[in-house]
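Beneath this line is the structure, given in C-alpha cells, with notes to follow.
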Amino acid sequence: DFPTETATTCEGYNIHRLSCGFGVISVQTALYGRKDRVICSEGMSTYKTENIYCSLDGVLGIIKKRCDGKKLCEINSNVFTPDPCRGTYKYLRTTYTCLPSTTHVVCENSLAHLYCAAGQVITVYGADYGRRDRTTCIYKQSESKIQNTDCYNPTNTVAESCNGKNSCTIKASNSVFGDPCSGTYKYLEVSYTCECK
C-alpha cells in the first residue's frame, strides 16, 4: 500500500498543487466546500465557518481527469462553480497516492511504444495529448507552435488500445486523438505500469 498525501487550498489562494516525487498521482478523494470548522478558519468569523455541510458535486471526477497519471498537477481552485454555499469560506482538499509508473513522452506524428517484461501486462494510469509546457518536443519548432501551454486532451484511447497487452504501439497524431489546439505542435504523454498477468 502507498502512503496517502493530502493537499488543501483555502478559498482565494487559487493554485491547488498535487505532486509526486516518484511515480504518478492517483486521486482518492476531493472536496470543494466545507466539512469541518477548523480547516482554513484562521482569521475567519464564525459564521463563515459554521456550515459544515457544504460540498460541490462532481469535483472528484474533475480532479481525477486532470491529475491522475501525472507527476505534477496544478488546478486553479477558482474554476469550481456554482458556489455550493454562499457566505461560507470554502476550501479545496484532495487526498491522493503516488503510484510507481513509467512515463513516456512522444512528439506529434511519432510512435509511442509501451512494453512490459515477459509475463506482465500494461495498465495505463493516464494519457494526455496536447501541450503543457514550452520545453517538451520543441526541436526545430517555431516559437508560435509552442506558445499555447493550456492545450491538452486527457484521453482513454491509450488505455483502450493497450491495457492488458504485453506491448503496444500508438501514434501521437490528430487522427488518433483529435486536435485539442490547431496550430500548436503537440505531444503524447502516457503514464503506465506493468503488472503480472
Side-chain angles (χ1 to χ4, degrees), residues 1-9 15-32 35 55 57-75 92-133 135-139 149-180 185-197:
D1 244 17
F2 304 103
T4 302
E5 312 274 338
T6 302
T8 305
T9 304
I15 301 301
H16 188 67
R17 190 173 195 268
L18 314 183
S19 70
C20 288
F22 72 93
V24 294
I25 296 162
S26 174
V27 177
Q28 309 296 309
T29 66
L31 165 80
Y32 178 70
K35 285 272 193 254
S55 66
D57 287 339
V59 173
L60 179 62
I62 292 167
I63 295 183
K64 283 182 87 56
K65 189 174 178 183
R66 287 284 298 272
C67 300
D68 277 3
K70 306 268 178 315
K71 283 188 172 310
L72 168 69
C73 180
E74 291 182 338
I75 295 169
L92 177 60
R93 180 167 238 200
T94 52
T95 60
Y96 63 99
T97 55
C98 293
L99 303 174
S101 82
T102 301
T103 299
H104 194 58
V105 176
V106 291
C107 303
E108 188 172 346
N109 296 319
S110 300
L111 295 174
H113 302 287
L114 314 185
Y115 54 88
C116 294
Q120 293 189 321
V121 294
I122 295 165
T123 299
V124 174
Y125 287 140
D128 257 1
Y129 180 66
R131 173 166 292 279
R132 289 179 181 272
D133 62 45
T135 53
T136 306
C137 290
I138 59 172
Y139 182 67
T149 57
D150 191 26
C151 156
Y152 55 90
N153 194 2
T155 174
N156 291 328
T157 308
V158 181
E160 287 162 6
S161 301
C162 302
N163 278 357
K165 294 180 180 172
N166 174 255
S167 67
C168 176
T169 301
I170 197 158
K171 188 173 185 180
S173 72
N174 294 339
S175 61
V176 176
F177 298 105
D179 190 347
Y185 186 63
K186 294 165 278 291
Y187 52 87
L188 174 66
E189 189 172 347
V190 182
S191 295
Y192 70 100
T193 190
C194 292
E195 295 177 347
C196 292
K197 275 185 185 168

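The model shown is predicted, which means the values in this text are computed figures rather than measured ones. Worth knowing before you read on, the calculation uses all heavy atoms, side chains too, and leaves out hydrogens, waters and symmetry mates. All residue numbers refer to positions in the sequence shown, counting from 1.
Summarising the geometry, atom NZ belonging to K64 is positioned 10.0 Å from atom OG1 belonging to T29; distances are rounded to the nearest 0.5 Å. Atom OH of residue Y96 and atom NZ of residue K70 lie 14.5 Å apart, to the nearest 0.5 angstrom. Note that OG1 of T8 and CG of L92 are 8.5 Å apart. Values are rounded to the nearest 0.5 Å. Note that the SG atom of C137 and the NZ atom of K186 stand 11.5 Å from one another [nearest 0.5 Å]. Atom CD1 of I170 is separated from atom CD of E160 by 9.0 Å, given to the nearest 0.5 angstrom.
Remark: the backbone N or O of R132 is not paired with any side-chain donor or acceptor of D150 at under 3.5 angstrom. Although no hydrogens or angles enter the test, the distance criterion places no donor-acceptor pair under 3.5 Å between the side chain of T155 and the main chain of A127. Checking side-chain atoms of N109 against main-chain N and O of S173 turns up no donor-acceptor pair under 3.5 Å. The backbone N or O of I122 sits nowhere less than 3.5 Å from a side-chain atom of N166 that would complete a donor-acceptor pair. Of the possible polar contacts, one joining the R131 side chain to the Y185 backbone as a donor-acceptor pair under 3.5 Å is found.
Screening residues 117-126 for salt bridge (Lys or Arg N to Asp or Glu O under 4.0 Å), with sequence neighbours left out, gives no hits.
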For I25 and E5: C-alpha separation, side-chain torsions, deciding distance, then whether side chain to side chain contact (heavy atoms under 4.5 Å, CB included) applies. CA-CA 10 Å; I25 296 162; E5 312 274 338; over 6 Å; no

Test side chain to side chain contact (heavy atoms under 4.5 Å, CB included) on C98 and F22; report intermediate values, then the result. CA-CA 7 Å; C98 293; F22 72 93; 4.3 Å; yes

Under the side chain to side chain contact (heavy atoms under 4.5 Å, CB included) criterion, do L188 and V158 qualify, and how do the steps go? CA-CA 10 Å; L188 174 66; V158 181; 4.3 Å; yes

List the steps, then state whether side chain to side chain contact (heavy atoms under 4.5 Å, CB included) holds for L111 with K171. CA-CA 4 Å; L111 295 174; K171 188 173 185 180; 3.7 Å; yes

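For the side-chain contact (heavy atoms from CB on, under 4.5 Å) with Y125, the lone residue among T193, T102, D68 that qualifies is T193. Under the side-chain contact (heavy atoms from CB on, under 4.5 Å) test applied with Y187, the options V106, D128, D133 reduce to a single match, D133.
Minimum interatomic distance between Y129 and A172 (heavy atoms only, all atoms of both residues): CE1-C, 3.9 Å. Of all the heavy atoms in A30 and T94, the pair that sits closest is CB-CG2, 3.7 Å. Contact record, P3 with T97: O-CG2, 3.5 Å, taken as the closest heavy-atom pair. Contact detail for Y192 and V124: the closest heavy-atom pair is CB-CA, 3.9 Å. Nearest approach of Q120 to C194, heavy atoms of both residues: OE1-CB, 3.4 Å. Scanning all heavy atoms of the two residues, the minimum distance from K165 to S161 falls at NZ-O, 2.8 Å.
Side-chain contact between K35 and S55: present, with at least one pair of heavy atoms (C-beta onward) separated by less than 4.5 Å. For the pair Y32/I63, no side-chain contact is recorded, criterion being any heavy-atom separation below 4.5 Å from C-beta on. Within the 4.5 Å cutoff, side-chain heavy atoms of V27 are placed close to those of L60.
For the residue pair S191 and E189, no side-chain donor N or O sits within less than 3.5 Å of a side-chain acceptor on the partner. Side-chain contact check for R66 and Y152: at least one donor-acceptor pair (N or O, by modelled atom type) lies under 3.5 Å.
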